[in-house]
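Worksheet: the structure to be examined is printed underneath.
Computed from a prediction, not measured in an experiment: that's the story for all the values here.
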Amino acid sequence: MFKSVLLGTLLAASAVFAIPSNLTRRTCGSELSDAQVAHFEADFAAKKVAVPEVSIFAATIPVYFHVIQKDTTLSGGNIPDSQITNQISVMNSAYTGSGLTFSLAGIDHTTNANWFSTVGPSGSAQTSMKSSLRKGGANALNVYTVGFASGSGAGLLGYSTFPSSYSGNPTDDGCVILYSSLPGGTAVPYDLGQTLTHEAGHWVGLYHTFQGGCSGSGDSVSDTPAEASSAFGCPTGRDTCTSAGVDPIHNYMDYTDDSCMTQFTPGQFARLQSQMLTYRGVSA
């Protein structure tokens with residue numbers, strides 16, 4: 001978080017997916033307002049570290065998986081290591097060309113029914129969980145898998161912090177996702193691992209493709225066509241803005257089904273590289 005009173009609000013607004021209990025569509029439980037994005041972007045402009053043109057950006061991101069379970073059953077959140085290793089493979093495939101490689105650094109299991117059920121954005125349960133479990137520095141991605149059964153997290157697919165939030169509250173840094181959204185999980189049609197791809201997108205500094213709608217600076221990336229609102233399912237040909245290009249429904253930072261998500265853009269890769277250099281100390 002930044003060192004300001006506003007930051008508690010900003011962190012609470014970290015990108016969050018919320019879905020109904022029948023998992024029929026991906027929706028957002030806490031989107032960033034234009035004012036919040038403007039605050040993030042002003043800080044980025046003041047501190048921005050550009051990627052040197054003569055350098056090849058290449059960085060390995062250690063990933064710590066914290067499996068939170070209410071009991072030892074799969075339905076209780078006790079996901080097998082095989083799903084986690086498959087998730088890392090999904091991530092590396094999605095981020096091919098970004099210069100980032102995700103490497104599994106560790107897996108731990110914690111049986112805590114309260115955390116499993118009630119963890120949500122800005123709640124005391126997530127504070128306790130992260131304070132107890134988070135590992136590594138600014139460049140380490142900590143992933144917490146939970147059940148999102150009740151409380152402020154009820155019905156969520158996931159949420160994440162942003163790079164600029166790290167310096168103000170390092171312990172809070174990371175992604176929290178629904179355990180059944182990993183590859184082979186039961187959260188159909190969000191069972192191919194793209195929930196973490198999306199949430200990690202926020203963790204490396206990307207906004208939703210529909211941020212800001214059809215006007216303004218949108219997601220601060222020039223090669224993602226403007227989009228009036230989030231897309232669901234896989235609506236081929238959807239075009240909600242008069243500017244050039246159809247809606248980027250295949251982009252990992254939209255809200256379409258996992259099977260519809262297939263790409264990041266070069267502009268998103270350029271942005272995440274600069275964000276990682278600026279806020280996470282990742283070397284080019």
Side-chain angles (χ1 to χ4, degrees), residues 11-23 26-30 63-88 90-91 102 104-136 140-162 165 169 171-203 255 258:
L11 185 58
S14 291
V16 177
F17 287 147
I19 55 176
S21 58
N22 61 4
L23 301 178
R26 196 192 303 265
T27 58
C28 190
S30 183
V63 183
Y64 294 95
F65 257 85
H66 308 289
V67 178
I68 313 301
Q69 56 199 48
K70 66 179 180 181
D71 54 43
T72 58
T73 66
L74 178 58
S75 62
N78 184 20
I79 54 178
D81 290 358
S82 59
Q83 283 189 289
I84 294 173
T85 56
N86 287 341
Q87 177 68 75
I88 296 294
V90 168
M91 292 273 286
F102 297 92
L104 185 60
I107 302 172
D108 55 66
H109 289 248
T110 301
T111 301
N112 188 312
N114 180 56
W115 290 353
F116 177 81
S117 297
T118 68
V119 159
S122 301
S124 59
Q126 79 135 12
T127 300
S128 176
M129 177 186 71
K130 291 179 175 180
S131 296
S132 299
L133 300 177
R134 193 187 185 281
K135 297 178 180 178
L141 174 58
N142 281 251
V143 179
Y144 306 83
T145 61
V146 300
F148 290 134
S150 62
S152 64
L156 301 183
L157 268 182
Y159 63 96
S160 177
T161 57
F162 288 84
S165 301
N169 190 355
T171 303
D172 193 57
D173 187 63
C175 300
V176 185
I177 63 171
L178 183 66
Y179 77 96
S180 54
S181 69
L182 270 66
T186 58
V188 180
Y190 314 114
D191 59 337
L192 303 180
Q194 306 306 0
T195 289
L196 184 55
T197 300
H198 177 108
E199 296 304 340
H202 295 307
W203 187 82
Y255 278 3
D258 276 17

At their closest point, which heavy atom of Phe148 faces which heavy atom of Leu178, and how far apart are they? CE1-N, 3.5 Å

Quick one: which of Thr118, Val67, Leu156, Val176 gives a side-chain contact (heavy atoms from CB on, under 4.5 Å) with Val146? Val176

Side chains of Leu74 and Ser180 in contact at under 4.5 Å (non-hydrogen atoms): no

Please test Leu133 against Trp115 for side-chain contact (heavy atoms from CB on, under 4.5 Å), starting from the C-alpha separation and ending with a verdict. CA-CA 12 Å; Leu133 300 177; Trp115 290 353; 4.1 Å; yes

Can you tell me how far CD1 of Ile88 sits from CG of Leu104, rounded to the nearest 0.5 angstrom? 5.0 Å

So, does Gln83 use its side chain to make a donor-acceptor pair with the main chain of Pro183 at under 3.5 Å? yes

Is a side-chain N or O of Asn112 found less than 3.5 angstrom from the main chain of Ile68, in a donor-acceptor match? no

For Ser117 and Ala113, indicate whether the former's side chain and the latter's backbone hold a donor-acceptor pair under 3.5 Å. yes

Tyr255 vs His198, side-chain contact (heavy atoms from CB on, under 4.5 Å): CA-CA, chis, key distance, verdict: CA-CA 9 Å; Tyr255 278 3; His198 177 108; 3.9 Å; yes

How long is the span from the NE2 atom in His66 to the OG1 atom in Thr110, to the nearest 0.5 Å? 8.5 Å

Closest non-hydrogen contact found for Tyr64 with Ala140 is CE1-CB, 3.9 Å

Taking salt bridge (charged side-chain N to carboxylate O under 4.0 Å, His left out) as the definition, give me every residue that meets it alongside Lys130, ordered by chain and number, with sequence neighbours left out. Asp172

Polar side-chain atom of Gln87 near backbone of Gly193 as donor-acceptor pair, under 3.5 Å: yes

Would you say the side chains of Thr161 and Asp173 form a donor-acceptor pair under 3.5 Å? yes

For residues Cys175 and Trp203, report the shortest heavy-atom separation together with the two atoms involved. SG-CB, 4.0 Å

Mind checking the CG-CZ spacing from Asp108 to Phe65? Nearest 0.5 Å is all I need. 11.0 Å

Atom pair CG/CG of Leu192 and Leu182 - distance to nearest 0.5 Å: 11.0 Å

Is Asn86 reaching over with its side chain to a backbone N or O of Ser82, donor-acceptor style, under 3.5 angstrom? yes

Asp191 and Gly185: which non-hydrogen atoms are nearest, and at how many Å? CB-O, 3.5 Å

Within this structure, what is the OH-OG1 distance for the pair Tyr190 and Thr195, rounded to the nearest 0.5 Å? 8.5 Å

Stepwise side-chain contact (heavy atoms from CB on, under 4.5 Å) check, Leu141 with Met91: CA-CA 12 Å; Leu141 174 58; Met91 292 273 286; 4.1 Å; yes

Show, in sequence, the C-alpha distance, side-chain angles and deciding distance for Tyr159 and His202, and conclude whether the side-chain contact (heavy atoms from CB on, under 4.5 Å) test is met. CA-CA 9 Å; Tyr159 63 96; His202 295 307; over 6 Å; no

Return the CG to CD distance between Asp258 and Gln194, rounded to the nearest 0.5 Å. 5.0 Å

Of all heavy-atom pairs between Thr171 and Arg134, which one has the smallest distance, and what is that distance? O-CD, 3.4 Å

Do Thr73 and Asn78 have side-chain heavy atoms sitting under 4.5 Å apart? no

